[in-house]
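To keep things clear, I will list the structure first and then write my remarks on it.
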2 protein chains.
Amino acid sequence: MEGGGRESGTSLLFLTDEQLRKGIEAMFFAYRGFTADPDRILADMAYGRAHHRAIHFIKRSPGTTVNNLLAILGVTKQSLNRVLRALIEDGLVQSEVGTRDKRERHLYLTEAGETLEQQLSDAQRDRMRAAYRAAGPEAVSGFRQVLEAMMDDDMRRRYEALEKMKG
Amino acid sequence: MEGGGRESGTSLLFLTDEQLRKGIEAMFFAYRGFTADPDRILADMAYGRAHHRAIHFIKRSPGTTVNNLLAILGVTKQSLNRVLRALIEDGLVQSEVGTRDKRERHLYLTEAGETLEQQLSDAQRDRMRAAYRAAGPEAVSGFRQVLEAMMDDDMRRRYEALEKMKG
DNA sequence: ATAATACGTCAGCTTTGTTGACATTCCAAG
DNA sequence: CTTGGAATGTCAACAAAGCTGACGTATTAT
């Protein structure tokens, strides 16, 4: 950004394989923590991480179509369908035929779905909040910068599209 | 750390649910990128992410025991055994009966194992390096701080124990 | 009319995790 | 020396969640 002259030596020297390996392992262990709390909640029900992801993104973009969800989650329609079918049958998700285009199904959380979503995201947010508090605001900014740079280009585009809606 | 006085107002205001949700989604999309390159390499062979993890931590701590690996990976011995058996049969991993305690098996990468490990970690490091370069040294520091704060306590202990050995 | 799209579904397969049961080998305590 | 417990390996059975391929049905677009 600025003052790169003196800094650039550091920022290159800094990227030793050892430093990178630490980052890789930190990412591995942290992701386990990241999913641990929702996993514990879901384990009691007949649901898994896949259901959590579907619920999360339906909450995020109510009325989203199956195709859109497919692209965000990056799984096959058969795999997503299995998850959605369970959620719809259990009354957590509602599927409505589109008005403009009747081929599309628009997905919404029911009240029960909202309740579970709240439970799951509370648990996940609590840990995230604790981590953010412990690390401090500047660290959080860096955290987000590195994560965004780590995404695939098309995933970053999706991520940024999501952020534009609400963020 | 220091100068927390003026900062603390910011660091609280800052932790809105929206900000936390962004962090959660960034973590989700970034982790996909994080594993994408090794996954592509492994897809060509008969291996998956589980094999990569085993290879990584054997490379990391040559001579480690099965039990130690079990604790780090957090899976059942049956699950790990299936992976190890394939790697041993394919001549990527060598298992040696312990000298002090002959019940233990000490695990090492063979030359072929080292070759694959190099291929996988090169791919993963390349992306990590690019992300680090794009974000800058200060961001990297923050990234690591947040990740470490996000781990479960016992996972952080394991992570730090690993770092002490080589880091 | 025909082609393409969105969705659902059936069938079958793979990877990676899980339990539970049981054998073997070995260390250590009695 | 015997025995209990620990570390390991292995068998069987199962579940979650991904995959491919094929097919059907509405609906929209060309």
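First the proteins, then the strands, lettered A, B, ... as listed; each starts at 1.
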Do the rings of [X] and [Y] sit parallel, tilted or perpendicular, given the 30° and 60° boundaries?
X       : Y       : result
B:His52 : B:His56 : perpendicular
B:Phe57 : A:Phe29 : tilted
B:Tyr31 : B:Phe34 : tilted

Just to confirm, is there a sub-4.0 Å distance from OP1 or OP2 of [N] to any side-chain nitrogen or oxygen of [X]?
X       : N      : answer
A:Arg53 : D:dG18 : yes
B:Ser79 : C:dT16 : no
A:Asn67 : C:dC7  : yes
B:His51 : C:dT15 : no

Please step through salt bridge (Lys or Arg N to Asp or Glu O under 4.0 Å) for the pair A:Lys22 and A:Asp17, ending with a clear verdict. CA-CA 9 Å; A:Lys22 281 189 191 178; A:Asp17 280 3; over 6 Å; no
Walking DNA chain D from its 5' end, the first of A:Val75 and A:Ala46 to be reached, judged by nearest nucleotide, is A:Ala46
I need the [atom1]-[atom2] distance between [X] and [N], as an integer number of Å.
X       : N      : atom1 : atom2 : result
A:Leu70 : C:dT5  : CG    : P     : 15 Å
B:Arg82 : D:dA13 : CZ    : P     : 14 Å
B:Asn81 : C:dT15 : CG    : P     : 16 Å
B:Leu84 : D:dA7  : CG    : P     : 17 Å
A:Met45 : D:dA17 : CE    : C1'   : 19 Å
B:Leu69 : C:dG17 : CG    : P     : 12 Å
B:Ile88 : D:dG9  : CD1   : C1'   : 11 Å
A:Gln78 : C:dG8  : CD    : P     : 12 Å

DNA chain D contacts among residues 91-108 of chain B, heavy-atom distance under 4.0 Å: B:Arg103, B:Glu104, B:Arg105
Under a single-linkage definition using a 4.5 Å side-chain heavy-atom cutoff for Ile, Leu, Val, Met, Phe, Trp and Tyr, are A:Val97 and A:Leu87 assigned to the same hydrophobic cluster? no
Taking the basic N atoms (NZ, or NE/NH1/NH2) and the acidic carboxylate oxygens, is any pair closer than 4.0 Å for B:Asp152 and A:Arg127?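 Salt bridge: yes.
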Is the shortest side-chain N to carboxylate O distance from B:Glu114 to B:Lys59 below 4.0 Å?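 Judged by the 4.0 Å cut-off on N to carboxylate O distance, B:Glu114 and B:Lys59 do form a salt bridge.
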I'd like to know if B:Arg85 reaches the base of D:dG9 with its side chain, counting only an N/O donor and acceptor under 3.5 Å.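 Result: no qualifying N/O pair found.
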